[in-house]
Every structure is written in structure tokens, then in C-alpha cells.
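Please read the structure below before turning to the comments.
Here the structure is a predicted model, which is why all the values come from computation and not from measurement. Computed over heavy atoms, backbone and side chain alike; hydrogens, waters and symmetry mates excluded. Order of listing sets the numbers, starting from 1, for every ligand and every atom in it.
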Amino acid sequence: MSSKKPPLPSLPDEIFLIDSHCHLDMDEYRQDLHQVLDSAAQHGVKGVVTIGIDLESSLAAVLIARRHKSVRATVGFHPHDAEKANPAALAELIAVVEDNAEEVVGWGEIGLDYVKKYAHPEVQRQAFRRQLQIAKELGIPVIIHDREAHDDCLRIISEEGPFEGGGIMHCFSGDLDFARRAIDHNFHISIPGIVTYKNADEMREVAAAVPIERLLVETDGPFLSPVPYRGQRNQPLYTLYTAARIAELRETDIADLARRTTENCQLLFNYEFHR
Ligand SMILES: [Zn+2]
């Protein structure tokens, strides 16, 4: 591999980006989380939403948010962990939200994963449904993980909705028609670094055409690093590469794209990430 990387895309001082989906509690960041957040902030990625996947990681996410004003947390049971979403564990998570209203801005990630099926699809659907109901009662946005389960996801969302708190189709993987249907249900479309990959034409089409007021950017770190760091640990800093590529697709500049997606993110989560 060549060590020559293209320069980091840069932002004007007054404009910043938010990484709408990262897993800062994961082991990959244990050694250098402060440095990861500092270098992101220095280059204009001044907000991160860190996402829980089960009880432990949700608690860890809340602790990170407590220590960093630029980080907010979400809590929930990932479809891979749907078996753990029993009534007692869910009650515990609800209490976490109520006790940490300042830190917790959403519920997720929740949803359906028909690729890996670590949990039985029926168990996934039950956990998904229950958590949609909880988020609705709490009035907070939901963060959806959907892998090859588009129709079931939207069917359950429309049966349990409407979601006035809104939501995010994270690491969006459908076509433009599916994006439009999700938007009709008050969802945002969050685009990951995959948009920089060679074989991602469908995602590029979505990223180019989604209405700007529904668009977000994310890393899904530590996974899915954009080019030129594909295959290495992802981190909020690299949101810059993803945003630059999307800006190019939309024939605008990264400053404009950052300003708009940041506005979307702050409105959705009702939080100012950088003051
Ligand atoms: Zn995730």
C-alpha cells in the first residue's frame, strides 16, 4: 500500500460537521479516545453521536457523553443483541434515559438484520417493535439498523408509527425509492463512508438525490472507513472524506454540505453540539 494519502478535506472555521453514528465505547478507541475526539474537533468534526447496542454499551455511551459536551449518546438493543432485550433490561434502559436526559438524545440502534441473523428474525422483530413503542413513548428519535430487511422494517415502522420524534435510517443501504418511503415516515437518511467505495453506485445515487433537509453523514466507526482509509479503524475525523464525496456528488462544496447536515442533526436531536 502506498503511504501517500490525499489531504484531509478542510472546513472554514465557522462551520463544523457532526458524525451522526459512531461506537466510541468499543475497544478500538479504548487507548486513545481523547486523541480521537481532539483530532476530529481540530479539523472541524465537532459533534459525535455515540450509539449503544446493548445494556453495557449503552451505559458506556452515556458515560462518554457525560465527559464530553460534543458527544451525545443513544441507548438500545441492536438486532444482533435482540435476545437480550427482555422486559427487565428494557426497563433498565428506560431508567437510564430518564436519569440522563441531558446526555441521551435517541433510542437505538434497533432494527432488523437478515444478513447475519445472530438472533432469530422473529425475536428481532419483537425486540424492534417493543423498542419503537418505547422511543415513541419517550418522544425521542430512533436509530434504525436495516440489512436486507427493508420491507419488514418499513412495515413495522408504519404499524408502530407515526414517529413524531423522527428517526434515522443509519448506514443507509436501500435504493432511492426506499429512501423516499423512509422519508415519508419522517426519517432521515444517514450516509456512511461506503459512498466512497468503488461498487457503491446505488448509494451514490441516493446520496446525490435525497432532499438536503433529510441528509446526515456518519462513520459507523470503528467500522467502514472511507477511502483512503478503507480497511483501517474508522474514526469521526474521517467523516470529512465522506462529506467531501457527497458534496461532490451533489455539486456543492463541503462547507455547504457540513452546514446543512449539521443543522439537520442538531434539529433532530434537539442539541447544540458545539457552543
Ligand atoms: Zn452502528
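A donor atom on one side chain and an acceptor atom on the other are not found under 3.5 Å apart for Asn264 and Thr261. Remark: the Arg129 side chain and the Gln126 side chain contain no N/O donor-acceptor pair separated by less than 3.5 Å.
Looking at residues two or more places apart in sequence or on another chain, you find no side-chain hydrogen bond (donor to acceptor under 3.5 Å, both in side chains) involving Tyr229.
Neighbouring protein atoms of the Zn ion (ligand 1) (N, O or S, distance under 2.8 Å, waters ignored): His21 NE2, His23 NE2, Glu109 OE2, Asp220 OD1.
Put simply, CD on Glu109 and CD1 on Ile53 are 7.5 Å apart, with the number rounded to the nearest 0.5 Å. One finds the NE2 atom of His145 at 8.5 Å from the NE2 atom of His21 (value rounded to the nearest 0.5 Å).
Between Asp177 and Arg180, no side-chain nitrogen of the basic residue sits less than 4.0 Å from a carboxylate oxygen of the acidic one, so the salt-bridge criterion is not met.
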